[in-house]
There are 4 protein chains.
Amino acid sequence: MNKTKIMSAAIDVFSENGYHRASMDDIALRAKVAKGTLYYHFPGKAQLFKTIVMDGLQVITDRIRNELRTDLSLEEQIRRIIRHNLDLFLDSSGFAHIVFNELSNGIDQEVLEELNELKLGYIRFIAEVLEGSREEGVMINVNCSLAAAGIVGLLNSSCDYFLTYGSSINRDDLEHFLYQIITTGLFLTPGGKPDGMLN
Amino acid sequence: MNKTKIMSAAIDVFSENGYHRASMDDIALRAKVAKGTLYYHFPGKAQLFKTIVMDGLQVITDRIRNELRTDLSLEEQIRRIIRHNLDLFLDSSGFAHIVFNELSNGIDQEVLEELNELKLGYIRFIAEVLEGSREEGVMINVNCSLAAAGIVGLLNSSCDYFLTYGSSINRDDLEHFLYQIITTGLFLTPGGKPDGMLN
Amino acid sequence: MNKTKIMSAAIDVFSENGYHRASMDDIALRAKVAKGTLYYHFPGKAQLFKTIVMDGLQVITDRIRNELRTDLSLEEQIRRIIRHNLDLFLDSSGFAHIVFNELSNGIDQEVLEELNELKLGYIRFIAEVLEGSREEGVMINVNCSLAAAGIVGLLNSSCDYFLTYGSSINRDDLEHFLYQIITTGLFLTPGGKPDGMLN
Amino acid sequence: MNKTKIMSAAIDVFSENGYHRASMDDIALRAKVAKGTLYYHFPGKAQLFKTIVMDGLQVITDRIRNELRTDLSLEEQIRRIIRHNLDLFLDSSGFAHIVFNELSNGIDQEVLEELNELKLGYIRFIAEVLEGSREEGVMINVNCSLAAAGIVGLLNSSCDYFLTYGSSINRDDLEHFLYQIITTGLFLTPGGKPDGMLN
DNA sequence: GATGAATGAGACTTCATTCAT
DNA sequence: TATGAATGAAGTCTCATTCAT
């Protein structure tokens, strides 16, 4: 399928160059189709981008949803959210980057709004999980959407750092650190729960 | 000073449109100078951008540094870091956005590296503060740079959400939430420290 | 018949957008056939256009010819020519427009010449009617083809004005005006034939 | 002046090819400037076209206005209008063609409306002259704007025919014919004013 | 110091046409 | 007969940069 080939090439090119530096020529070249073919399958650059983002978010959402069963403890749920987001941010860092960082640039207003809806949808999905835990009385009383947004930024930024400068850190450390800061924060708790014995 | 006028205009234009959609024409227009004048004072678009980012990070760094005296408790130091970052992200959200989100896109490789150095410098500056606290034994044992990077992402993303959808949240709540998640996390601590009585 | 459906759709699309802005996609869409089908029935866009123009001119020519019997007075013949041309220009203004105005633009040279032949044929047809009258001594001595060409332009342009700005004029006035200018001109005749009593 | 060179080249290219077939590349080539220079001086193709049309209509309007003094007889005024329009249509037939025929095609709606305003302005200008005569009681009672529109179409179409097929006609004949049809029409007048002795 | 006209590479997009099915 | 995916030439327009003044 050409359409698939195009989307795959587009993910690569967008990821490597960001939205603006990615050129339709490049995408066509990479997909080994004529430039016109892009426009046969997608109305334009912005919509191609949107389609990719939609698909990507759908995949990760589905993947997480499938693993989040209600019989899991909140701790385990948080852990899994972190793990899958790490998968997303580390394995598809270029893709994640354009979704979570480049969404507010100079994309056609119309498409930009849809994209922000998608991102918001993702945040809300995570917020729902938190919501569940809050109701169970495990979590402090916060605006869960705000918390979800913050968590995504935390994960994103940490992964960026990890990928760029984190040669001395291993992935498990990263995962552990993220779990820790999200659940119990950076401070040593009064009761003196020691580092490394959180579980 | 024309140079100052240009930089001021450039901040506005870059903030409003992002790096790529910002045009030298726009900047010249806004600065009320001829386009050629831009090139008299700056070698090119990328360098103009770099200069702005450098200046901006310097200003915020200095401002925080001036308020962080070693005789302050770590709690107060964290609180001040959060407060000043909120000032940055909320008051100059456009500027903060391009610094923390758009830095990895399609800017000339050469300049991009320098910009990442700047960003890293900022993260290290925050990391140093954390480092201090860790040595005092108030903080858990983590890679402070990683933590700093994560915190910046957390702040950035939370502010984005706050600015776009957070009409029901007030700034104090936001500040409180950030302090909480950074210091003690989202979970209720074993000892049962109740929400709202963190200080 | 698909061919008929295509021609009908093509008339609409060409009329609404002019030759150049009309796209084969639009025509196929409107005709509810696949784009390839257009090329099964017609060699290309220019030839499709030509076919439509030929058909249209044939229809109007036939219609007029059927009503012009030699036993009619010249006055009546002129009147009928005007009336049928008004029908054409007013009812099918889009079609008339492309035939009489857009014929000399950027259509493939080859087809363009054929189209001009068609238009010339139509002018000659009207010229013949005038010719007949001139021989009967009712008309002044002019080049009848030139007169016919002029009349078509007069009708065309008047109708354009009528359709765009002529809300205060009714069709009978328009018809009357055209009859008048063609037959006795704008000036009051020496004998003083008063307006409105021409018949 | 480059701007002048561009406008001059644009007149040629538009005249030869019509609006749609005229390409900005062609115009730049003909004007011997870089493509970007076109866009430095004009916002786009449509506006370049508009500017040309405005200028052209202004020139012809001014030229006629300068020669139309109120002490002239209506006959002489009509004669001069015809003469100057012939100058326009014959000497600059390509230009006249795009102004009077191609104005309704696929030009950007916005610019198209302005262009129609211009054309209407020209028609109104001629209508005013007619208006004057009607008030003097020399002319029959007609809607002068309608008559002006018709006259322009008559002139335009006659000139087209003359240029394409009129090798056997000379310009004086053409001028005479037009004067005749406009003033006294095609019919022999009751009083029997013989052809060729209209003055 | 400052200007602004000029440049040209490169971007996005359109669309008539082809062709394997 | 009919389809529709694919093509690629050609078009309009943007914009960072240069340079003579």
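These values consider heavy atoms only, across backbone and side chains, with no hydrogens, waters or symmetry-generated copies. Letters A, B, ... mirror the listed sequences (proteins, then strands); counts begin at 1.
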Give the nucleotide from the list [options] with an atom nearest to the side chain of [X].
X      : options                  : result
Y40(B) : dA16(F), dA2(E), dA11(E) : dA2(E)
A34(D) : dG8(E), dG4(F), dG4(E)   : dG8(E)
V33(D) : dA11(E), dA2(E), dT7(E)  : dT7(E)

Report summary line: dist D25(C):CG -> K35(C):NZ (nearest 0.5 Å) comes out at 3.5 Å
How many Å lie between [atom1] on [X] and [atom2] on [N], as a whole number?
X      : N       : atom1 : atom2 : value
L38(B) : dC19(F) : CG    : P     : 17 Å
H41(C) : dT17(E) : NE2   : C1'   : 17 Å
K32(C) : dG4(F)  : NZ    : C1'   : 18 Å
Y19(D) : dG11(F) : OH    : C1'   : 12 Å
F42(B) : dT17(F) : CZ    : C1'   : 16 Å
F49(A) : dT13(E) : CZ    : P     : 14 Å
D25(C) : dT13(E) : CG    : C1'   : 13 Å
I27(A) : dA6(F)  : CD1   : P     : 16 Å

Query raised in the report: dG1(E) base to K3(B) side chain: any donor-acceptor pair below 3.5 Å?
Result: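 Answer no: no donor N or O sits under 3.5 Å from an acceptor.
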Query raised in the report: Under the 3.5 Å rule, do the base of dT3(F) and the side chain of K35(C) count as making a donor-acceptor pair?
Result: no
Report task. Quick one: closest heavy-atom pair of M24(B) and L38(B), and the distance? Result -> O-CD1, 3.3 Å
Query raised in the report: Which heavy atom in F14(C) sits nearest to a heavy atom in A22(C), and how many Å separate them?
Result: CD2-CB, 3.5 Å
Query raised in the report: Mapping G36(B) and S23(D) onto DNA chain F by nearest heavy atom, which one lands closer to the 5' end?
Result: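 Nearest nucleotide further toward 5': that of S23(D).
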Requested in this report: Would you indicate what A22(B) reaches in the nucleic acid, counting non-hydrogen atoms under 4.0 angstrom: base, sugar-phosphate, or nothing?
Outcome: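 Contact class for A22(B): sugar-phosphate only.
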Query raised in the report: Which part of the nucleic acid, if any, lies within reach of T37(C) when heavy atoms closer than 4.0 Å are counted: base, sugar-phosphate only, or nothing?
Result: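 Base, at least one base atom sits under 4.0 Å.
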Requested in this report: Would you tell me whether K119(D) and N116(D) have side-chain atoms, one donor and one acceptor, within less than 3.5 Å of each other?
Outcome: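 Short answer, no.
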Query raised in the report: What does dA20(F) pair with, Watson-Crick or G-U, if both distances are under 3.5 Å?
Result: dT3(E)
Query raised in the report: Does dA10(F) have a Watson-Crick or wobble partner in any strand here, with both distances under 3.5 angstrom, and which is it?
Result: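 Per the H-bond distance test, dT13(E).
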Has [X] got a side-chain N or O lying under 4.0 Å from the OP1 or OP2 atom of [N]?
X      : N       : result
Y39(B) : dT17(F) : yes
K45(D) : dT12(F) : yes
H20(D) : dG11(F) : no
N2(C)  : dT1(F)  : no

Query raised in the report: Is E16(D) salt-bridged to R30(D), cutoff N-O under 4.0 Å?
Result: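 Salt bridge between E16(D) and R30(D), a charged N being under 4.0 Å from a carboxylate O: yes.
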Query raised in the report: On DNA chain E, nearest-nucleotide positions of M24(C) versus A46(A): which is more 5'?
Result: A46(A)
**Report entry** Close side-chain approach of F95(D) and L88(D), heavy atoms under 4.5 Å
**Finding:** yes
